[in-house]
Amino acid sequence: RDLPMDERIAWEAAKKSLPGECEGDSTCNIGAMNLMEGKYLNLYPRGAHAEEALDQILEFLKGGYEFTQTADPLDAQSREFGLKEVTTLRASVSKTTSAKKAKVLQQLSLYEKYFRR
């Protein structure tokens, strides 16, 4: 990850869609973000596309939160997995120096409350 091209490759990988669909499953969606934008931010928290990655995460989190308010309660295993995914994404986002970091972390705390209920 020390070569200039490495950061570009990581960003291209982050933009690729994963196979399958989460179909509104918040734990699945956050897990997918960890594999894409989260992985990029973990490797390159000050990378050329860090702001764009944060924008994409924030867009998802804002759009998906309403769903969590009306969704049926999750089983214990899903809650545990969801909390793990939120923690992982929080760690990646926390590495950045962006002013958007606070907004993303605030949205993640709402998901954390959802997975704890």
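Just the heavy atoms: all of them, side chains too, but no hydrogens, waters or symmetry mates, feed the values below.
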Participant: Between atom CG of L35 and atom CG of L18, what is the distance when rounded to the nearest 0.5 Å?
Facilitator: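 So the CG of L35 and the CG of L18 are separated by 6.0 Å.
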Participant: Out of curiosity, Q107 CD to E59 CD, how far, rounded to the nearest 0.5 Å?
Facilitator: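 Here the interatomic distance stands at 12.0 Å.
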Participant: Should the ring pair W11 and Y40 be called parallel, tilted or perpendicular, given that the plane angle runs from 0 to 90° and is split at 30 and 60?
Facilitator: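 W11 vs Y40 ring planes: perpendicular.
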Participant: Take a 6.0 Å sphere around CD of E12 and say whether it holds more than 12 heavy atoms from other residues, nucleotides or ligands.
Facilitator: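 For E12, atom CD is crowded (more than 12 foreign heavy atoms under 6.0 Å).
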Participant: Establish whether L105 and F115 are linked, either directly or via other cluster members, by ILVMFWY side-chain heavy-atom contacts under 4.5 Å.
Facilitator: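 Cluster IDs for L105 and F115 match.
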Participant: Taking A50's backbone N and O only, do any of them form a donor-acceptor pair with Y44's side chain (distance below 3.5 Å, no angle check)?
Facilitator: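 Not confirmed, Y44 side chain does not pair with A50 backbone.
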Participant: I'd like to check K15 versus M36 (side-chain heavy atoms, cut-off strictly below 4.5 Å). Are they in contact?
Facilitator: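 No, their side chains stay 4.5 Å or more apart.
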Participant: Please check: side-chain N/O of K95 versus main-chain N/O of P45, any donor-acceptor pairing under 3.5 Å?
Facilitator: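 Flag not set: sc K95 to bb P45 has no pair under 3.5 Å.
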Participant: Is there a side-chain contact between I30 and M33 in this structure, where contact means two heavy atoms from C-beta onward sitting under 4.5 Å apart?
Facilitator: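 Yes. Closest side-chain heavy atoms under 4.5 Å.
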Participant: Measuring only between side-chain heavy atoms, which start at C-beta, is Y114 closer than 4.5 Å to L83?
Facilitator: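 Side-chain contact under 4.5 Å: no.
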Participant: Does any part of the side chain of S26, heavy atoms only, come nearer than 4.5 Å to the side chain of E85, both counted from C-beta?
Facilitator: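 A side-chain contact under 4.5 Å is absent here.
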Participant: Does G38 offer a backbone N or O that forms a donor-acceptor pair with the side chain of S92 under 3.5 Å?
Facilitator: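 Judged by distance alone, yes, a pair lies under 3.5 Å.
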Participant: Hey, could you give me the CD/NZ distance between Q106 and K62, rounded to the nearest 0.5 Å?
Facilitator: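 The distance works out to 9.0 Å.
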Participant: About how many Å separate OG1 of T96 and CG of L41, when rounded to the nearest 0.5 Å?
Facilitator: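 Answer for the CG-OG1 pair, L41 versus T96, is 6.5 Å.
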Participant: Could you give the distance from CD (E52) to NZ (K100), rounded to the nearest 0.5 Å?
Facilitator: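 E52 atom CD to K100 atom NZ measures 9.0 Å (nearest 0.5 Å).
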Participant: Under 4.0 Å between a Lys/Arg side-chain N and an Asp/Glu carboxylate O for R116 and E112?
Facilitator: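 Here R116 pairs with E112 in a salt bridge, since their nearest N and O are under 4.0 Å apart.
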Participant: Among V86, T87, V93, T88, which residue satisfies the side-chain contact (heavy atoms from CB on, under 4.5 Å) criterion with R90?
Facilitator: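 So the option named by the test is V86.
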Participant: Quiz question: by atom type and distance under 3.5 Å, do the side chains of K39 and N34 form a donor-acceptor pair?
Facilitator: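 Result is no, nothing qualifies.
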Participant: Between S78 and D75, do the side chains contain an N or O donor and an N or O acceptor separated by less than 3.5 Å?
Facilitator: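 S78 vs D75: donor-acceptor pair found between side chains.
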Participant: Is it true that a side-chain atom of Y111 and a backbone atom of L61 form a donor plus acceptor pair closer than 3.5 Å?
Facilitator: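 Such a contact is found between Y111 side chain and L61 backbone.
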Participant: Tell me whether L58 is reachable from L110 by hopping between hydrophobic residues (I, L, V, M, F, W, Y) whose side-chain heavy atoms are closer than 4.5 Å.
Facilitator: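 Shared cluster, yes.
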